[in-house]
Amino acid sequence: MFADTYTTALKGYYLSETAVTVIFADQIGLATTQTITNINRRLLANPFPGFKAAVPAYTTLTVYFDPQQLIESNLQGWDNLQKVVNYVSGFPESSSDERSTAAIVEIPVCYDAEFGLDLDQLSLNNKLSIDEIIQLHSTTTYTVSMIGFTPGFAYLGGLDKRLFAPRKPSPRAAVPPGSVGIAGEQTGVYPLTIPGGWQIIGRTPLTLFDADLAQPVLLKMGDQVQFKPIDRITFNKLADADQN
Amino acid sequence: MQIKINKPGLLSTVQDMGRHGFLSQGVPVSGPMDTLSARIANIALGNNENDAVLEFTDAGAEFTAESDILIAYSGDGAILKANAFTLPADRPVFIPENTTITLSPNPSGYRTYLAIAGGWDVPEVLGSRSTYLPAKFGGFKGRALKANDKLNSTRIISIVTQHILKGLINEGIHYPKWSVARESFLPANKFTISVMKAGETDWFDVNSLKSFFSASYSVSVNSNRMACRLDGPCVALKKKRELLSTGVTAGTIQVSHEGEPIILMADGQTTGGYPRIGQVAATHLPLCAQLRPGQSIKFYEIGWDEAIKQYLHLMQQLREVETTIKNKFGDL
């Protein structure tokens, strides 16, 4: 079921009759994130006949299409799987220019105990003071390695090893929106009130997902992210400003 | 045209053919669970294929026509009745003002689609009229329908629909002899579901795969628009392995850490991290959407080439029906 291409090592498989997943690597990595981000951008700028959408993830790019239009196209390949894999393989590797132009998004976070529901537990388990946790979490520049799971949920790679923490044994029934959490080697922000098992260490007053906006999601794959500690008063001010 | 909901039933939402523009931002497609029945309801009216329809779950809903209306319904979740009079499915039906329609039980399925001339008029959110309940947006005010909600049709009515309406306007309920032969688009056996290999099918042990393709699975009461959960034999991986989250879609069969197979449906997430044992054929996904909790299915393995051939054939058949209706009513 896997298709090799003539020109490169890229492989892919059918996800459905109307989608093909192209595989770029077998593990998470900054270079892979950048490659997939760039290829996705090129694909959106140069769609093939019947192209509908693309979903980048940690190591894959899933491409959705109209199967009739694609099979009738003159793209190289004897079936839609080959056609998509060959087309995506045809894009050049990323250039260093593109890497340096990634946006840096600053996300203010209040790490007060009121919001950092699992700070005490994390402090105990990882043998760090709460100040050390805040310091480690807010001095790293993260990269969005994937958006998924729920609208606007960004998985951020680059977490300091000392903050690695497992998911909670049983997930919370409702995590408040804006909650900043840690799971395994990743950190991220909950955009909506949903059930979740990440260890919550703070909250941002920013809205990460708003369906009423033309651009509903604050972050996108490949973006650079930094967290900035704020106090409760600043949190309130920013929350009010964000509402308006 | 307008209706008023008297009883909303178990779960009733507005859906068009889905939200495809924001998948990369984690926004699911949504849309009808049974896309075939939704399309047939629109085709029977001369509507556009992406016009919004109402999705009713099971029987129990009731609504009143607040003006003369031209509707078509399709799907096996309920039989539409005006008093004791049964309205035929899969064709246009003219209903005069003040008629009350009830959805009475139909044991053969679970979901029914109601199209109206011109489509239901709700605002587009992120390029679609589909309701996405988990994030409370799209459709009718981002929620399921409630008693006393009033829904209107759009004023954009195709020439085909106008001609159908002209031929059916009457004092009472009126409909033509013809209908779209929905059954001809469906397999004779509705409880054997064709499944293709997925990304991680080879990760599962041989005995688990054997059991998956021979045992009966029944639809759990915990199923919803996001996922069809299955009760039956658990399946196991050859060895413990973690999958990095990657794109998933409607019909993807994920296996939870407990070994429970779960079919992702219309509101399913855009990416997932559970190993995938298979992918339900797109032509059979409407069968899954019509399963009532407790009903049993079996899985049957087919190849991708066969699945794609069947899907393209179905799309071609639907286009032919659409063209037939357009030719019949387009140029009077």
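Chain letters run A, B, ... following the sequence lines, proteins first, then strands; residues in each count from 1. All values below come from the heavy atoms of this structure, side chains included, with hydrogens, waters and symmetry mates left out. Please read these numbers as outputs of a predicted model, since none were measured by experiment.
Each of B/T270, B/T249, B/V27, B/T283 has some count of heavy-atom pairs under 4.5 Å with chain A, and the biggest count is that of B/T249. No other option in B/A282, B/G272, B/G127 has as many heavy-atom pairs under 4.5 Å with chain A as B/A282. Of the listed residues B/S245, B/G142, B/A307, B/A135, the one with more heavy-atom pairs under 4.5 angstrom with chain A than any other is B/S245. Considering only heavy-atom pairs separated by less than 4.5 Å from chain A, the leading option among B/R276, B/M196, B/H20, B/Q269 is B/R276.
At least one donor-acceptor pair closer than 3.5 Å links the side chain of B/T271 to the backbone N or O of A/F149. The backbone N or O of B/I308 lies less than 3.5 Å from no partner atom in the side chain of A/E17, so there is not a single donor-acceptor pair.
Closest approach of A/L15 and B/G247 over heavy atoms only: CD1-O, 3.6 Å. Taking every heavy atom of both residues into account, A/P151 and B/Y132 meet most closely at CG-CE2, 3.8 Å.
Heavy-atom contacts from other residues, nucleotides or ligands closer than 6.0 Å to OH of B/Y300 number 12 or fewer. Around the CD atom of A/Q27, the shell of radius 6.0 Å holds no more than 12 heavy atoms that belong to other residues, nucleotides or ligands.
Heavy-atom distances place the side chain of B/P28, and not its backbone, under 4.5 Å from chain A. Using a 4.5 Å cut-off between heavy atoms, B/A250 makes no contact with chain A at all. Looking at B/Q279, only its side chain comes within 4.5 Å of chain A, counting heavy atoms on both sides. Using a 4.5 Å cut-off between heavy atoms, B/V125 touches chain A through its side chain atoms alone. Looking at A/A19, neither its backbone nor its side chain comes within 4.5 Å of chain B, counting heavy atoms on both sides.
Taking 4.5 Å as the heavy-atom cut-off, the residues of residues 251-263 of chain B that approach chain A are B/T252, ordered by number.
Atoms OG and CD1, from B/S24 and A/I147 in turn, are 8.0 Å apart once rounded to the nearest 0.5 Å.
If you check the side chains of B/T246 and A/T60, you find a donor sitting under 3.5 Å from an acceptor.
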Ring pair (Phe, Tyr, Trp, His ring centres under 6.0 Å) between B/F137 and A/F209, intermediate numbers included
CA-CA 11 Å; B/F137 67 79; A/F209 178 81; 5.7 Å; yes
